[in-house]
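If you read the sequence from its start, that first residue is 1, and numbering goes on from there.
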Amino acid sequence: MFNLSYANFANAYRRYAVIDRQALAAELGWAESPRCANGALITSLALLSLGVPLAGSQVVAAGPLAGGRLFNGANHLADWLGERFAEPEIIAQDGGLGDVAYQLFGRRGIVAFMQGNGPTGGLIGLLDGRNAPTLCCAAEIRHPLEVRFWELH
């Protein structure tokens, strides 16, 4: 188990979210840019930079996070968070993702939209109190089976 504060996590997440793919690859010591800087990769980088020892399949080759392991799939990272951090709150989707956005609005933490296509599917990211509709719209094309939420204070 580990402790996360919203302020520290959000700062670390935002730092990595704004880096373009080529600069991110260079910072991580990777020969090739990641296909995309997806939410799982950015969330993993934020957690790793806060000292959380992850067990992902991608290894950071250079820089201050060298040797750290990152997840590239939201489903896998969400499962890992549920086992190692805290049991997530499951958000009901009975009213669709519009209702999920309503339930999440004003809350802060990590949200995962679980997909049924294996560990690399889904969407995970920072919920900042205002971006619930944006995240739910992005998740809608993935047809999530479950929405998990970890509140951070």
Euclidean distance, [Y] [atom2] relative to [X] [atom1], rounded to 0.5 Å:
X	Y	atom1	atom2	value
L45	Q58	CG	CD	9.0 Å
F2	L47	CZ	CG	6.0 Å
S49	F9	OG	CZ	9.0 Å
Y102	C136	OH	SG	14.0 Å
W30	Q22	CH2	CD	13.0 Å
L41	L28	CG	CG	7.0 Å

Is the backbone of [Y] close enough, under 3.5 Å, to the side chain of [X] for a donor and an acceptor to pair up by distance?
X	Y	result
W150	A86	yes
D20	A23	yes
Q93	V100	no

Taking C-beta and beyond as the side chain, do [X] and [Y] meet within less than 4.5 Å on heavy atoms?
X	Y	answer
Y16	E27	yes
I90	V147	no
I124	F113	no
L123	M114	no

Point to revise | Exercise: identify the closest heavy-atom pair between I91 and E89 | key: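 That would be CD1-OE2, 3.2 Å.
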
Review point. Which pair of non-hydrogen atoms, one from A101 and one from A132, has the smallest distance, and what is that distance?
Key: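 Result for this residue pair: O-CB, 3.6 Å.
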
Exercise for review: Evaluate the criterion side-chain contact (heavy atoms from CB on, under 4.5 Å) for residue pair F149 and I110; output intermediate values, then yes/no.
Suggested key: CA-CA 6 Å; F149 177 65; I110 300 171; over 6 Å; no

Exercise for review: Test side-chain contact (heavy atoms from CB on, under 4.5 Å) on L4 and L50 and set out the steps.
Suggested key: CA-CA 8 Å; L4 286 178; L50 296 173; 3.9 Å; yes

Check your understanding: Using 4.0 Å as the upper bound for N to carboxylate O, is an ion pair formed by R107 and E151?
Key -> yes

Review point. Thinking salt bridges, do R21 and E32 make one under a 4.0 Å N-O criterion?
Key: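 So R21 does not pair with E32 through a salt bridge.
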
Exercise for review: Could you verify whether a donor N or O on one side chain and an acceptor N or O on the other, from S5 and N8, lie under 3.5 Å apart?
Suggested key: yes

Review point. Checking side-chain contact (heavy atoms from CB on, under 4.5 Å) for the pair Y6/H153: CA distance, chi angles, key distance, verdict?
Key: CA-CA 5 Å; Y6 173 79; H153 300 282; 5.9 Å; no

Using distance only, find each side-chain donor-acceptor pair of residues 60-83 under 3.5 Å and give its atom names and separation, not counting sequence neighbours.
unit_1	atom_1	unit_2	atom_2	d
R69	NE	G56	O	2.8
R69	NH2	G56	O	3.3
N75	OD1	Q115	N	3.1
N75	ND2	Q115	O	2.6
N75	ND2	G118	O	2.6
D79	OD1	R148	NH1	2.8
D79	OD1	R148	NH2	3.4

Check your understanding: Between R108 and L152, is a side-chain contact (heavy atoms from CB on, under 4.5 Å) present by the stated rule, with each step listed?
Key -> CA-CA 6 Å; R108 302 184 313 175; L152 301 177; 5.8 Å; no

Exercise for review: Is it possible for you to say whether L126 and I42 belong to one hydrophobic cluster, with membership spreading through side-chain heavy-atom contacts below 4.5 Å?
Suggested key: yes

